[in-house]
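Here is how names work: the chains are called A, B, and so on, in the same order as the sequence lines, proteins then strands, and each is numbered from 1.
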There are 2 protein chains.
Amino acid sequence: MSLERKGDAVDTIIEQWNRERPDLDVSPMAPIGRLKRCAALMDRRLDEAFTAFDISFWEFDVLATLRRSGAPYCLAPTALFSTLMITSGTMTHRLQRLEARGLVERKANPDDARSKLVQLTDSGLALIERAVEAHVANEWRILEPLEAADLRALEESLVKLLAVLEPSGD
Amino acid sequence: MSLERKGDAVDTIIEQWNRERPDLDVSPMAPIGRLKRCAALMDRRLDEAFTAFDISFWEFDVLATLRRSGAPYCLAPTALFSTLMITSGTMTHRLQRLEARGLVERKANPDDARSKLVQLTDSGLALIERAVEAHVANEWRILEPLEAADLRALEESLVKLLAVLEPSGD
DNA sequence: CCATTTTATCTTGAACTCAAGATTTCTATA
DNA sequence: TATAGAAATCTTGAGTTCAAGATAAAATGG
């Protein structure tokens, strides 16, 4: 039951605060600090799959959003940057890069002249089809060391945390 | 037992992939996607506490690392950027900013002329003492909607995930 | 004690991001 | 149908980050 756990980086931080500021109860730093650290380490692991395709995380994100929207793999910029949690300016920049690489193309929106739709090119589609396979395989590999029960518990915990954090919970 | 859960953003993404690429088992996207999304949303919430002190997240991070190292609140740059998971170049830039704001100062290292130690100024110390209090209070506030048992479960899950991701597990 | 290697840090240049403001087009309504 | 307000996007400028290379000092092995 009470297995001794070797302290990780977050344990060290909390011990330091307890020594320096015993007046503060910093226990929320445990889940929050680990969340941040897990996310940072996870990003690095995920990036490894993308470099094999010469794309970065954000390029994958945009292409994958278009791909999973279904044929004809075409969305308005607003739909993209809302989903991706980035600003419109960042979206403009990303689209320029992707268009320059020939992975997406812009076309007039017949219903709204304010926007130019973004569509996967054949080349972009071919790339994302292979990249997403490698990405998912990589995710399986990363999580493989976790016991099935632990993975389920993690999933369940994150569902509850996300529900608390989602803007809809304002 | 089987309460219906309203789908979140990650559920939508997984449903899309299942429709578009039924050949792929994308179930690892559930925990990984939520981890990323939780981390992004958490960052925003944490930032709110810092803006009240006119500092950004990275400024807090550096000052806090110095503060919790204990008196005399003085570390070598390498110790700082290793802890903070950033490159040396980024550290140089951050230190220049913090020094310009009068929150840290540089002093010769008597034991190693290659490094100039970084130390909190009185002003920097005063700032971080107040900022960390606000930060911890904010963390309590953010997690407060979670049931105690759920918080414990989350904590436990993240410990296990972090153990899998930490570089020591190479 | 000298040459080599390692360590610590800084410099440089490019990339990515955001906030705020500008532009163009749509929408509702008087 | 004008017109004000809303919406979609782009532009601009500044800030943050990293990778790679430069520099200086320390440690190591004869």
Rounded interatomic separation in angstrom, taking CG from A/D61 and P from C/dC16: 14 Å
Given D/dA19, C/dT17, C/dC10, the nucleotide with the shortest approach to the side chain of B/T87: D/dA19
d(CZ, A/F81; C1', C/dT17) in whole Å: 14 Å
Shortest side-chain distance from A/S88, nucleotide among C/dC18, D/dC10, C/dC16: D/dC10
Non-hydrogen atoms of A/S157 and B/S157 that approach each other most closely: OG-OG, 4.0 Å
B/H93 NE2 to C/dC10 P, straight-line distance once rounded to whole Å: 13 Å
Residues B/E59 and B/S56: side-chain donor-acceptor under 3.5 angstrom: yes
Nearest-angstrom distance from the residue atom CD of B/E99 to P of C/dC10: 10 Å
Closest non-hydrogen atom pair, B/L146 against A/K160: CD2-O, 4.0 Å
Between C1' of C/dC18 and CG of A/L84, the distance in whole Å: 15 Å
Which residues share a ring pair (Phe, Tyr, Trp, His ring centres under 6.0 Å) with A/Y73, sequence neighbours left out: none
Short side-chain N/O contact from A/R94 to OP1 or OP2 of C/dC16, under 4.0 Å: no
Heavy-atom donor-acceptor pair, A/T90 side-chain to C/dC16 base, under 3.5 Å: no
Side chain of A/D112 - closest among C/dC26, D/dC10, C/dT11: C/dC26
Geometric class of the A/F50/A/F57 ring pair [parallel <30°, tilted 30-60°, perpendicular >60°]: perpendicular
Selected nucleotide, minimal atom distance to A/T92 side chain, candidates D/dC10, D/dA25, D/dG15: D/dC10
Sugar-phosphate, base or nothing in reach of B/E59, heavy atoms under 4.0 Å: nothing
Shortest side-chain distance from B/A113, nucleotide among D/dT17, C/dC10, D/dA25: D/dA25
Distance test, side-chain N/O of A/R106 to OP1/OP2 of D/dC10, below 4.0 Å: yes
Heavy-atom donor-acceptor pair, B/R114 side-chain to D/dA24 base, under 3.5 Å: no
Rounded distance (Å) that lies between atom C1' of D/dT16 and atom CD of B/Q96: 13 Å
Distance, rounded to the nearest Å, where B/I55 contributes CD1 and D/dG15 contributes P: 17 Å
Euclidean distance, atom CH2 of residue A/W58 to atom C1' of D/dC18 [Å, nearest integer]: 16 Å
